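Report on one structure; see the data block that follows.
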2 protein chains.
Amino acid sequence: MPPSAVSQPEQFTIGRLAKAAEVNIDTVRFYERQGLLQIAPRSAGGYRLYGAADAQRMQFIRRAKTLGFSLEDIAELLQLTEDGHDRSRVKAIAQKRVADLEERIRELEKMRSVLAHHAGHCSGHGAVKGCPIIQALLSEQG
Amino acid sequence: MPPSAVSQPEQFTIGRLAKAAEVNIDTVRFYERQGLLQIAPRSAGGYRLYGAADAQRMQFIRRAKTLGFSLEDIAELLQLTEDGHDRSRVKAIAQKRVADLEERIRELEKMRSVLAHHAGHCSGHGAVKGCPIIQALLSEQG
DNA sequence: CTTGACCCTGAAGTGGACTCCAGGGTTTAG
DNA sequence: CTAAACCCTGGAGTCCACTTCAGGGTCAAG
């Protein structure tokens, strides 16, 4: 095989990894402590060294976070991608998350409709005494 | 006037107030520290004494919380009900809250639709390698 | 050789809204 | 008179996902 084929694995320090993933440098160290990132090998001077796989892992975490997964769930998802696990657990985690999202959305929509209703009945001027919003909070009729 | 007319204002201790409002007893003390409840007068033995107005105030807080107001907002709303303020500030707080709720709902709906989409493409069996959910997290094409 | 950018550690702080704890005093039922 | 149930205080702990801090070591440029 050619001498320079897969030999230089493109290493970089924590600062570059953090910048690439658009997170705080301390967040990377935090993820390591939390077990989301593998413990990085060190340079002679004690600096953490990362490679492309770590950058991809950070992207995985970032995307999972935008879907609202907790770090705990993300840790499990990452774990599942490593060993030869079955897809069922991944799907279960995702479905649980969808269900949680739906419940939370329903809660927020209830809040929104009730509050918008009260706000819609408030003229926005005059004394607070008698304001429909305050009245609703003082004594809900339901 | 008759001797027993408006004389006994129906006082009770913190435990009863907490039970009536369905909150932890420590929550009542916490609200006092936070300025949500007025500092209660004390009995001879040093017990806090509450009346009907405090119970109503606790209900106000409870209802505002179910609409998702922060304790800080609730403190301001309570303040506004006391002095001779104008309704405009109340309405502004409510409208801000509605806007925040709407933004949050949109965020959660985005998460839900993306995640449900991926989950819908996952068979739920077979190796994790190739699972559409994991694939999406590993490399989003958008 | 010095400056500045970068990296290291363990520990503590943040925010929001509580909740719990230890070590007491008070009140009431029996 | 005693035991149970209730109340008091200041302070610490909880959850989550970081962020900040103090006090250093390392590395590349000039």
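Below, chains carry the letters A, B, ... as their sequence lines are ordered, and counting in each starts from 1. The structure displayed is predicted, hence computed values, not measured ones.
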Between [atom2] on [N] and [atom1] on [X], what's the gap in Å once rounded to a whole number?
X        : N       : atom1 : atom2 : value
Leu37(B) : dA17(C) : CG    : P     : 15 Å
Phe69(A) : dC18(D) : CZ    : P     : 15 Å
Leu36(A) : dC16(D) : CG    : P     : 13 Å
Leu49(B) : dC6(D)  : CG    : C1'   : 13 Å
Arg42(A) : dC8(C)  : CZ    : C1'   : 8 Å
Ile74(A) : dC16(D) : CD1   : C1'   : 12 Å
Ile61(B) : dG16(C) : CD1   : C1'   : 15 Å
Arg16(A) : dC27(D) : CZ    : C1'   : 13 Å

Query raised in the report: Among residues 18-26 of chain B, which contact DNA chain D at a heavy-atom distance under 4.0 Å?
Result: Ile25(B)
**Report entry** Strand-adjacent residues in residues 28-35 of chain A, judged by heavy atoms under 4.0 Å from DNA chain D
**Finding:** Phe30(A), Tyr31(A), Arg33(A)
Using a cut-off of strictly less than 4.0 Å, decide whether [X] has a side-chain nitrogen or oxygen near OP1 or OP2 of [N].
X        : N       : value
Ser70(B) : dG16(C) : no
Thr13(B) : dC6(D)  : no
Arg48(B) : dT9(D)  : yes

Requested in this report: Report, as a single string ordered 5' to 3', how protein heavy atoms within less than 4.0 Å touch nucleotides 24-30 of chain C: B base, S sugar-phosphate only, - not at all.
Outcome: -BBS---
Under 4.5 Å between side-chain heavy atoms, hopping through other hydrophobics if needed: is there a path connecting [X] to [Y]?
X         : Y        : value
Tyr47(B)  : Val28(B) : no
Ile25(B)  : Leu49(B) : no
Ile14(A)  : Phe12(A) : yes
Ile134(A) : Leu71(B) : yes

Query raised in the report: So with a 6.0 Å cut-off around CD of Glu82(B), is the heavy-atom count from everything else above 12?
Result: yes
Salt-bridge test for [X] and [Y]: reply yes if a basic N is under 4.0 Å from a carboxylate O, no otherwise.
X         : Y         : value
Glu102(A) : Arg112(B) : yes
Asp26(A)  : Arg29(A)  : yes
Glu109(B) : Arg104(B) : no

Query raised in the report: Roughly how far, to the nearest 0.5 Å, is the CG atom of Leu101(B) from the CZ atom of Arg106(B)?
Result: 11.0 Å
Query raised in the report: Has the side chain of Arg57(A) got a donor or acceptor atom that lies under 3.5 Å from a matching backbone atom of Leu36(A)?
Result: yes
Query raised in the report: Got a donor-acceptor contact below 3.5 angstrom from the Arg63(B) side chain to the Leu138(A) backbone?
Result: yes
